[in-house]
Amino acid sequence: MNEAVVRTGDYDVFLTFCNWIGDMAESGLIVDQTAWWEKYDPEVDHGPNRYVAPLDRFTTLYKGRRYALGADDDAFSLFYRKDIMDNPDEAKAFEDRYGRPLELPKTWKEFDEWIAFFDRPDEGIRGAHMYAERYFAYTAWAARFISKGGAYFDDNMDPLIVSDEGVTALEEQIRLTQDHMWPDAVTGDWSVAYSRFPEGSVFFAWAWASLGKWAQDPETSKIAGKVGYMDAPGTMHDGELVKAVPHVVGWSFSISRYGKAPEAAYCFIQWFTGPAVGLDAIARVGTLDAFREPWFDDAKMKEAYGEEFLPVLHSLTQNAFPDISLRGAAEYLDNLNLNLQQAFAGQKGAERALKDAADSWQQITDRIGRLGQIEAWRAERQNYPQPIQDLWAKLGRFPS
Amino acid sequence: MASSGHPLADTSEGRASFLSRLRRAVDEERFFGTLLITPMQLLLWFLLIIPTIIVIYLSLVAWEPRMGVDWWQAPFAFLRNYAQIFQDGRFWAAIGRSLGVVVAAGGLEFAVGLGLALLFMRDFPGKRIVTSVILYPMMLPWVVVGLAFYLLFLDRGPVNFVLTQWFGSGATVEWFKNPLLAMGTIVLADIWQWTPFLFLILYSGLGALPKDPVEAAMNLGANRWQIFRHVTLPMLKPVILIALVIRALEAFKIFDLVFVMTGGGPGTSTETISLYIYRVGFVFGQLSYAAAMAVLILVMITLVTRFAIQPIEEG
Amino acid sequence: MASVRVEGLRKAFGDTEALRGISFEVRDGEFFSLLGPPGAGKTTTLRIIAGLESPDEGRVWLGEEIVDRVHPKDRDVAMVFEDLALYPHWSAFDNIAHPLKLRKVPLGEIEERVRAIAGMLKIDHLLDRRPGTFSGGERRRVAIGRALVRRPRVLLLDQPLSDLDAKIRQEMAGELKRLQAETGQTMIYATHDYEEAVSMADRIMVIHQGQEEQTGAPQALYREPDSSFVAAFIGSPAMNFVPCKVERAGGELVLQHRAFTLSLAGEGLLSLPDEVLLGIRPEHIRIEAARTPGALPAEVDIVQVLGEEQVLDLRLEDGTTLKAIVVGGVELKAGDPLFIRLERERAFLFDQVSGRRILGPGL
Amino acid sequence: MESRRLREFTDAVLRWLAGIIVCAIFLLPLIWVLSISFKPPEEWIAYPPRLIPEKITTSNYVVLFQPGNPVGGVGAMVSAAEPVTRAFINSIIVVPIATAASLVIGFLAAYATTRFQAGGKSLPLFVLTTRMFPPVAFAVPLLVYFRALGLIDTQLALILMYTGFTIAFSLWMTRGFIEGVPKSIEEAAILDGASRWRVLFTITLPLVKGGLAATGLFVFILNWTEFLLAQIFTSRQAITIPVQVSHYVGAVGRFYGPMAALGVVASIPVVVAGYIIQRHLVTGFTFGLVRE
C-alpha cells in the first residue's frame, strides 16, 4: 500500500498477496502482463507444466487481464490425528454412538459429528482448531457457505451473505467453535494453530499446507508421524458432493510500472516461477507451496511434503476458491472478519454479524464505485473452481 | 524581560566590520533568543505546519492511492469525508475506547506511581536495585511488551495456568474474548509499561519539594495523612498536572500494544483510534478519509489543550 | 577606575515602578552606598549601571563615557551578586581567574594576580577547591576576589553580606573597607542595613520607593536627616516620632501633646503646619530620678539589657510609648515610675504628610 | 518512645516487603520474555507453560544473526527474515543521531524560551501539543510529503521524524534544569566579559549536563522503541529493531522465540545506560515545576 502512495520505483517486482492484484492494477502501480504472456508463454493454463486449475486463473487475472504470476498455493489443508482415528476402540465407540462406521467425514454434517466425537477437553485435547480470529475468521465459514452454493455478491455487487446459506453456515461454525475448540481459536492469532496441533492439544486442524510439514517435523512436533491428511468436507447437492476450499493469501509476482526495466523484470519472474526453478525453491525453502501440475508427481516434492499429503493437497487445490480480490479487498475482508470474530466470540448473532458485514460492504462498494466493482466481480467469479460455478448455474445464482 | 533587550550595535561605529557587528548582535538578548529557537522553529515548520496543510488538503479531496492518480490531481470532495466520519460508528467507538484507555490507564498509573513514589521517599535496603527494576519496562520495545502480555494472558498461557492451579480447572479466564477483559489486559500492559514514567515524575517532584513546610506541619502535630493531603499534595500540584496531562496524551495514542495483543479484536472491540486510522489509511488505503479523521483529532486535541492545559500554564 | 554618574533613571517592571528618577554621582575611588529597605530600587540601580537592565529613561556615565549602548560584557563593571553567583563547577582559582582569562591575560600573570588577590582576601588555601564546600564568609571572599581581580572601572556590591551572621558580617565589613582603602577601588554598595552603610561608606544615598531621600556623609545623615524616613532608617533603635499639634497661644507657638506641652522659641516659625511629628532619638531622652521642671512622668514598660546599655520602652501618662537608651546607672524593671527629659537641642520636627524636616536639630 | 521505634521498624519492614512485591510484579513479564527467548519453538506457547525451558536453547539468538541457520528447526523457518544486523545498524545510526539532534535543538530552544521568552510565552505549550497528536495522524501527510522529497525508506526520514516528535520532551525536561541554574551566575559571567555563546557553553551547559543525560536517555528510549512510524516509513533499507521484531512472522507462525530474543538484546544497551545515569534520571523529571 505504501508503494502505491510512494512510487519510489525502488521495486521492479512485487511479491504480494494475490488478492491485492485488483488494488494494485487499479492504482496503476502494476502493469498488464498479457502481451508478455503471449510473447514469452509462462505455461500457466496449458501444456504439461500448467498450474493446477483454478490457480491459473485467480492468481493471475484481474478483470480478464493477466496482471500477476502466481507463485504459491495456499489452499487450506486439513490435518487430523491419524493415531487416534485409527484406534479400533474409537471406531467401535463411534459406530455405537452414530450408527455408522468411523470414516473420514465427507459432508459438513458428518464433519461436525466427527469433531464433536473426538473433542476430549478432559484429556487436554479439543476437537479442532479452525480460525475464528481477527484476520482469518472467514475461512471456515466461507468454505461451508460456498459449498452450500453461496456467493459473496450477486451480479450487481449486492452482498449475498445474509442468506440461508450464509447464516446456517455461520451458525454451524459458531457451534463448532464454541463447543469443541480452545478459546484461542477466537482470541489467539493465526500462529496458534502452529502450536496447538504440533503439541497434540487438538485432534484436527485446518490451516496452510505448511502446518503439515511443521507437524511432521520431529524437531518441532510431538505428533510427528501421527498426522493424517484429508480432503475437505462438502455439501451434497442432488447426490453430488460440492467442496469448497479457501485459498488464503497466496503469493504472486507482479511488475511495477515505475521500475526501471519492466520487461526484464517480467522475464525474471517468469524464470523464477518457471517449472524448474520454482520446484527447487519450493522443495527446499518451504515457505511457498507447489502449484504446477507436474510437481505433484515429483520425487523431490514427495520428499518435502510426504507421499500421502501431496495427492490430498492436489485435490484440495482443485477445489480452491479465491479470497475477495476486488479493489478494496483488504477492507471487504477486514469488515467480514471483524464481524465474524464477534459472532464467534458470542458478541453477535450469526445473522446480525453477516448483516453488519453486508452493510459495510455496500458502503465500501459505493465508495469505490459500484460499476467498476461489478465488472471486476463478474470477472472474478469466473475464477472459482468449475464445480462451484456449475452449482451456481444450477441454483440460478447469476444470470447466464 | 523582553523589553530589556539592548539596542543593536552602536550606530556611531558605522565602520565596524560586519563580523563584529554580528558578534555584538548575537549578544543582544532578543536576537540571541531568536537564533536559538530557530532550529526548532524550522523543524516544527517542516514536520508540523507543512504536513498539517497537506493533511487538511487531503481531507478535502477524494483520494485513494488505488485511484491511479496523484494526490494533487484528485477531485475535490469538500466536506464529504467529514460527513462520512459523523456516520462512522467505528470511528467514534474507537475514540471512545482511546479515551477509556486514557482514563483507566492514566488514573491507575497515577495512583500506583504516586504510591510507589511515596514508598520510595524513604530509604530501604536495595532501593537502588528496585528503582532500576521499576524503570526497566519503559526501556523494552513496546512491541515486545505487547508480545509478553499477549503470551502471558494467552488462553492457555501462564496466567490461566496459575489460576487453574489455584482455583481448579474451571478457573481459566478468556482474557481476549470478552471485550472488556481484552481492553483491560491491554490497559494492564500499558500500566506495567508506563507506571515507571509517572513514578519518575512524581518521585522527582517529591524529592524536589522544600522540606520546611512538612517539618513545620509535623511540629504542629499533623498526622501523615493530613501532611500529605494539605501540605505535600498542593505543593506537588503542578507536577501532578503535567504528569497526568503528558500521560493522558500519550495514552490516547496507544497503538503498539493493541496492534500486537489483539489487533483490535474481537471484532473491533479493542480497536483504538490510532489503530483505526492506521488501518483505514495504511491497510485499506483510504488516505483521504484517514486524513479527515486525523484533522478532526488534531482539532479535538487542540481544543482539549485550550481548556485543559492552558490553566496549567497559567497556574 | 572611574567615576560613575547616573541621571534621571526610571524603570518600570509591568505596573510596578522600580525607579522614579534616580540621579547621583560617585567620585573616582569613592565608597558609595545605596541604602534603603528591600524593594527600594537598589538592585535595579546597580543592574542598570552594570548594563543587565536598560532603563526606561535616564543615562549612565562611566568616567566620561556614556555607556547606554555598551554591552554589559564590555562595560568593565564588576558586580558581587546577592547570591554571589559563583560558578559551582569550577575551583575558586578558576572562578577568580575567569575575567582575566576572558581578557586573554597571559597565564603567568593570571596566576600572579589571582594569588595576590587571594592573599589579600586570605583565601589562598581555598583556591583548588570548588565553592560547594565553602562557608558563607569564604564564598563571599571568592566572589569579591573575582570582582576585584581585574580592577574594574567600578565594583558594584549587591548586599553581599546580607545573610551572614552578625559577627562575620562585621568582620567582613571591616575588611571590605580596608580593601577599598588599599585599592582605591570605586565601589557602590547596596544594602538595607544602615550600620553596614554607615561603617563603610564615604557617602550614602538613602533611597525609598525608587526615589532619592537624601545623600550625604554618614554623620550628616544621622545629624541632619532631611526626612522622617531617613531619620527612622538611620539609627537603632529607630527615632521616636510623636504626633503633635501646633497651637498659637498669643504670640507664642506651642507644641501640644496630650502628655506634654512644649513652647517653641524662635522667629520665623509662623509657617508651621497645624500638625507635625516630633522626632527624638532614644539616645536623646534622658532619665531623671526626681521631678524637675519640664520633666515628664513615665512608667517603664519593657526593659532590654544590652551590655552596658538598657533599651527602655516607656509609657507616658496618655499611653504614648517612647524608646529610650540608658547607659549604666540603676537597673530598671518593668513598672518602675520615672521622669524623662527630651533633649530639645537634638529634636526635630517633621511634616506629618510629606515627612520633610521642618525644624531641627534643636527646637 | 518504644512505640515510635516499633512503628519505625514495622515501617521499614513494610517498605522493604512492598519493594520486593513491586519488584516481582515488574519483573514477571520480563522473566517470561527471557524464558521464551531460550525456549525451542515447540515450547513457546506450550501447555502447561514452564518458566524454565525443558530444552534450553540459544538458537533464537543465533537465528537473529544467521537466519537460515537451521538450529533447532527455527532457522529454516525464519529464513525469510533478514539478519538483524541491518536493523541494528539502522537503529544504532538513526536513534543516537535523532536523540542528539532533539537534545541539542531542544536545549537551545529551552534556553531561549526560559531565559528570554523567545518565540512568545506560549511557544513551549505549543511545542508540547505536538507530542499529543497521534503520530499516525501525521503519518498520512508525511508519507506523501516525504515521497516528494525522496525520503521514503531512508534513515534521514526517521531521523527527522524522531527528532521532531521528541522535541517536546527535550524542550520541557531541559527547561526544568535550566531554570535550576540561577540567572545571576550567567550575569556574573557576562560581567566578567563573556559573550552569550560563551556563557551558554562554558557556564550553563556544564551545569545542566546531568539533566541533559537524563533527558537524552528518555528521548533515546522513546526513539529506540518506536514502532509505528518506522513500520510505515521503512520497508527494506531503513528498518529498525522494533520493525524487525514484527518481521519474525513466517509461513508457520509468529516466531516468539526470536522476537523475545531480539527484545532482550535490544533492551540491553538502554538498560545499562539507564543504570549508569539513574541518579540524573530521577532528578530529571520535575519539568521545572517544583522550585524551592
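Chain identifiers are assigned alphabetically (A, B, ...) following the order of the sequence lines, protein sequences preceding nucleic acid strands; residue numbering begins at 1 within each chain.
Classification of the B/Phe46-D/Tyr145 ring pair by plane angle, with boundaries at 30° and 60°, yields tilted. Below 30°, between 30° and 60°, or above 60°: for D/Phe169 and B/Phe197 the angle between ring planes is above 60°, a perpendicular geometry.
Contacts between D/Thr163 and chain B at a heavy-atom distance below 4.5 Å involve backbone atoms as well as side-chain atoms. With a 4.5 Å cut-off on non-hydrogen atoms, D/Leu200 touches chain B through its side chain but not through its backbone. Proximity to chain B (any heavy atom under 4.5 Å) is restricted, for D/Leu149, to the side chain, taken from C-beta onward. With a 4.5 Å cut-off on non-hydrogen atoms, D/Leu160 touches chain B through its backbone and its side chain both. Using a 4.5 Å cut-off between heavy atoms, B/Leu298 touches chain D through backbone and side chain atoms alike.
Within the 4.5 Å cutoff, the side chain of B/Gln41 has heavy atoms near those of the D/Leu123 side chain. You'll find the side chain of D/Glu226 stays beyond 4.5 Å of the side chain of B/Trp142, heavy atoms only.
For chain B, the option among D/Pro141, D/Ala118, D/Ala168, D/Gly263 with the highest count of heavy-atom pairs below 4.5 Å is D/Pro141. Of the residues considered (D/Val22, D/Leu27, D/Leu171, D/Leu30), D/Leu30 shows the highest number of contacts with chain B, using heavy-atom pairs under 4.5 Å.
D/Tyr256 meets the ring-ring contact (aromatic ring centres under 6.0 Å, His included) test with no other residue; sequence neighbours excluded. Considering only residues two or more places apart in sequence or on other chains, D/Phe220 meets the ring-ring contact (aromatic ring centres under 6.0 Å, His included) condition with D/Trp224.
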